Amino acid sequence: MGGGRVVGASWWAVLLAVPLALVSTRRAFLGHDAGHRQIAASPRVNRLLGLVLGNLGLGLGYGWWNDKHNRHHANPNHVGKDPDVGEGVLAWTREQAARRRGPGAWVIAHQAWLFFPLLLLEGVNLQVNSVLYLRGRARREQLTEGLLLAGHLAAYLGLAFTLLTPGKAVLFLAVHQGLFGLHLGSAFAHNHKGMAMPGPDDRWDHLRRQVLTSRNVRGGPVADYLLGGLNYQIEHHLFPSVARPHLRRLQPLVREHCARVGLPYAETGAYASYRQALAHMNEVGAPLRD
């Protein structure tokens, strides 16, 4: 353990990045809950929890995430209103795909195959966007969130390079960030990908806007843990401030109401959910493969 490092002599220490990625994803789910004011009665306490869990705990900006996620909840799967289906590395409509040129077009053409590998970069992507969001924000917000993000980065890198040799530290960070992005992105991928996307002339009421664009995932307690309660996506979108443990209790009531008014209620297993999402992505990229 030369150089004062505690665990840096063994490559087995890199495997600790696996449980750390699980813990980080649980922390992200709690930050999501805080953003929806599910944890505490006070908005101020929820914001404080979000800053501690997100900015300080993950390097993920609470302000950026809340702004983006609230716009998503208001208009899920609505191009031009929902940032989750906006222009980016991937395309969610054929209109978006048709605008791509060069290497970007190749990525869209093969995006169904590239989706999960690209999620390995999602953790870093979230952190970069958290920093970029602070440009042009109020000075107080910049200082509060920026200092917490900097504190996370200093502690994160400091511990890794203090406890591990440089090579092992770099590998540890890569495994941790890759698995964190893969786990978190895979959980959110179930929710809306491959579901209905309202057009510019559609005027759906709140019930249809939330139910028709959302998909639940079966799986019981295992799905509850791995997906952070997002497997009850329909109930979560209808009642976003309801605490995660209560969504299971709401499900029979929501399903019964949807049946009564003749509204489709989408619920599948995890495999079928991914298959539907990837089939949609494959269909969007099909013209670019011709």
Side-chain angles (χ1 to χ4, degrees), residues 22 25-41 43 46 49-50 53 65-66 68-78 81-85 92 119 182-198 202-281:
L22 287 172
T25 308
R26 309 276 82 67
R27 190 178 298 150
F29 289 149
L30 286 172
H32 168 267
D33 295 347
H36 282 294
R37 301 182 178 180
Q38 295 178 13
I39 300 176
N46 280 306
L49 288 170
L53 291 164
W65 171 260
N66 244 19
K68 174 178 178 291
H69 198 58
N70 287 340
R71 286 187 285 130
H72 157 71
H73 265 264
N75 294 282
N77 263 15
H78 196 141
K81 297 182 179 180
D82 180 0
D84 287 355
V85 291
W92 308 109
L119 286 182
L182 180 64
H183 187 2
L184 190 63
S186 297
F188 279 92
H190 286 297
N191 304 344
H192 307 282
K193 308 309 181 202
M195 296 301 295
M197 300 184 71
D202 289 326
R203 296 293 181 268
W204 294 350
D205 59 28
H206 178 73
L207 180 66
R208 283 163 176 76
R209 186 164 60 246
Q210 304 300 339
V211 173
L212 294 178
T213 60
S214 303
R215 178 195 297 114
N216 279 15
V217 179
R218 291 189 293 268
V222 173
D224 291 356
Y225 176 77
L226 292 177
L227 302 180
L230 299 176
N231 44 315
Y232 302 103
Q233 189 65 197
I234 295 174
E235 288 72 27
H236 171 58
H237 261 255
L238 287 172
F239 309 100
S241 62
V242 169
R244 190 196 313 176
H246 301 311
L247 294 175
R248 178 193 292 269
R249 301 177 184 178
L250 281 174
Q251 187 179 36
L253 302 176
V254 173
R255 186 190 286 120
E256 179 184 344
H257 181 74
C258 288
R260 187 162 56 248
V261 300
L263 199 61
Y265 181 97
E267 185 177 31
T268 70
Y271 175 76
S273 174
Y274 285 135
R275 187 174 60 188
Q276 291 172 23
L278 294 175
H280 171 74
M281 298 172 69

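What you see is a predicted model, and the numbers here were worked out from it, not measured in a lab.
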Quick one: pull up CE in Met195 and CG in Leu212 and give me the separation to the nearest 0.5 Å. 7.5 Å
Ring center gap for His32 and His236 short of 6.0 angstrom: yes
Salt-bridge test for Arg255 and Glu267: reply yes if a basic N is under 4.0 Å from a carboxylate O, no otherwise. yes
Asp224 bridged to Arg248 by N-O distance under 4.0 Å: yes
Within 6.0 angstrom of Arg26 CZ, more than 12 heavy atoms from elsewhere: yes
Checking the side chain of Asp205 only, and the main-chain atoms of Leu207 only, is there a donor and an acceptor separated by less than 3.5 Å? yes
CZ on Phe29 to OH on Tyr225, rounded to 0.5 Å: 9.5 Å
Between the main-chain N or O of Pro83 and the side-chain N or O of Arg71, is there a donor-acceptor pair closer than 3.5 Å? no
Sidechain-backbone polar pair: Asn231 side chain, Leu227 backbone, donor-acceptor under 3.5 Å: no
Can you label the angle between the Trp65 ring and the His69 ring as parallel, tilted or perpendicular, going by 30° and 60°? parallel
Would you kindly say whether Gln251 and Tyr265 are connected by a side-chain donor-acceptor distance under 3.5 Å? yes
Rounding to 0.5 Å, atoms NE2 (His78) and OG1 (Thr213) come to a distance of 11.0 Å
How many angstroms lie between atom OG of Ser241 and atom CG of Asp33, to the nearest 0.5 angstrom? 11.5 Å
Taking the ring of His280 and the ring of His192, is the distance between their centroids below 6.0 Å? no
Residues His237 and His72: side-chain donor-acceptor under 3.5 angstrom: yes
Verify the neighbour count for atom CZ of Arg37: are there more than 12 heavy atoms of other residues, nucleotides or ligands below 6.0 Å? no
side-chain hydrogen bond (donor to acceptor under 3.5 Å, both in side chains) test vs Arg215 passes for just one of Gln233, His190, Gln276, namely Gln276
Going by distance alone, is a donor N or O of one side chain under 3.5 Å from an acceptor N or O of the other, for Glu235 and Asn216? yes
